Novice: 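What follows is a structure written as structure tokens; I'll ask about it next.
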Amino acid sequence: KAGVTQTPRYLIKTRGQQVTLSCSPISGHRSVSWYQQTPGQGLQFLFEYFSETQRNKGNFPGRFSGRQFSNSRSEMNVSTLELGDSALYLCASSWTNGGNTEAFFGQGTRLTVV
Amino acid sequence: DAKTTQPNSMESNEEEPVHLPCNHSTISGTDYIHWYRQLPSQGPEYVIHGLTSNVNNRMASLAIAEDRKSSTLILHRATLRDAAVYYCILRDSGGGADGLTFGKGTHLIIQP
């Protein structure tokens, strides 16, 4: 069974640009969550999608958005990039969005904003 | 989701058991206890989770205190590949509003 796939693995963008990251969950999983990891703040929850609906959103500005498609694949978008958006962006998929379910993480997309 | 408290770091020797503690004194009755680990340059990896009873799987064991205010992740025979940051996380049975809330975790160092 293929794991969670995130593309691209690395990205370099300029301040003010926008970026789209992609996540393909494990086959059959309907819940996808996104996290941002930085050395200073650690792992922080961005948002969670289940069956194409955003269920939860973390404390991030509106520049961060996402969506989920009917095949459960998900994308997240960051507009008007800032230097502080440089981070490892991780996607996790799970069968459901309940607490009795394990999450499987991808390798992440390393975004550098210059 | 309720908060957890873990030691910043622990050190152990290869091929010895490791007991990683976690305190969660404000846990609610519907909170599951999850453990994840993150190896260098990789995404987090699920280790184990439980509600009330002790749990075992191929990676580790989870011992949950009777009052559920603390738990211990047990690696029965540590290898160098177990060196990672281990996170203890509480997740409400309904999923909660904040996804998986990662704290700073315990940095486990394995000495050969």
Side-chain angles (χ1 to χ4, degrees), chain A residues 3-7 9-10 21 23 25-26 29-51 53-60 64 66 74 76 87-110, chain B residues 1-6 8 24 27-53 55-60 62 64 68 71 73 84-107:
Chain A
V4 178
T5 304
Q6 291 188 246
T7 56
R9 290 292 311 279
Y10 303 92
L21 312 181
C23 172
I26 291 172
H29 284 190
R30 293 190 295 164
S31 177
V32 173
S33 301
W34 289 88
Y35 295 82
Q36 181 196 65
Q37 186 171 28
T38 59
Q41 299 297 320
L43 274 152
Q44 293 186 287
F45 170 71
L46 278 159
F47 25 67
E48 179 177 34
Y49 287 86
F50 182 77
S51 294
T53 302
Q54 186 179 90
R55 296 302 176 104
N56 297 303
K57 190 175 194 300
N59 189 24
F60 279 82
F64 291 81
S74 178
M76 67 162 283
L88 180 66
Y89 290 88
L90 292 155
C91 165
S93 84
S94 55
W95 179 250
T96 71
N97 60 345
N100 190 22
T101 305
E102 57 265 45
F104 297 87
F105 284 79
Q107 294 281 62
T109 294
R110 171 76 62 186
Chain B
D1 292 329
K3 288 188 176 179
T4 63
T5 304
Q6 300 178 252
N8 289 333
H24 28 79
I27 191 171
S28 77
T30 55
D31 283 333
Y32 283 84
I33 302 161
H34 286 248
W35 283 83
Y36 286 79
R37 71 181 185 180
Q38 188 172 23
L39 281 66
S41 303
Q42 294 190 27
E45 176 186 28
Y46 167 80
V47 178
I48 199 165
H49 77 282
L51 184 63
T52 56
S53 304
V55 185
N56 300 296
N57 66 20
R58 65 174 180 81
M59 287 182 69
L62 175 60
I64 302 172
R68 299 186 74 232
S71 60
L73 178 70
V85 179
Y86 286 78
Y87 297 96
C88 171
I89 300 166
L90 301 183
R91 189 89 197 268
D92 183 78
S93 61
D98 301 318
L100 291 168
T101 303
F102 288 84
K104 296 194 183 300
T106 296
H107 184 199

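Throughout, protein chains are lettered first and strands after them, A, B, ... in sequence-line order, and every chain is numbered starting at 1. It should be emphasised that the depicted structure is a prediction, and the values quoted were computed from it without experimental measurement.
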Novice: Just by distance, do the side chain of B:His49 and the backbone of B:Trp35 share a donor-acceptor pair under 3.5 Å?
Specialist: no
Novice: May I ask you to check whether A:Trp34 and A:Ser74 show a side-chain donor-acceptor distance below 3.5 Å?
Specialist: yes
Novice: Relative to chain B, which segment of A:Thr101 carries a heavy atom at a distance below 4.5 Å: side chain, backbone, both, or neither?
Specialist: backbone
Novice: Tell me whether A:Glu48 is salt-bridged to A:Arg55, with the criterion being a basic N under 4.0 Å from an acidic carboxylate O.
Specialist: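 Salt bridge: no.
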Novice: With chain A as the partner, which of B:His34, B:Glu45, B:Gln42 has the greatest number of non-hydrogen pairs under 4.5 Å?
Specialist: B:His34
Novice: Is A:Gln37 close to chain B through its backbone or its side chain, or both, or neither, when contacts mean heavy atoms under 4.5 Å?
Specialist: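 Just the side chain, heavy atoms under 4.5 Å.
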Novice: Can you classify the ring geometry of B:Tyr46 versus A:Phe104 as parallel (below 30°), tilted (30 to 60°) or perpendicular (above 60°)?
Specialist: tilted
Novice: If you count heavy-atom pairs within less than 4.5 Å of chain B, which of A:Leu90, A:Asn56, A:Asn100, A:Leu43 leads?
Specialist: A:Asn100
Novice: Counting only heavy atoms closer than 4.5 Å, note whether A:Tyr35 contacts chain B via side chain, backbone, both or neither.
Specialist: side chain
Novice: Distance only, no hydrogens: is a donor on one side chain within 3.5 Å (strictly under) of an acceptor on the other, for B:Arg37 and B:Tyr86?
Specialist: yes
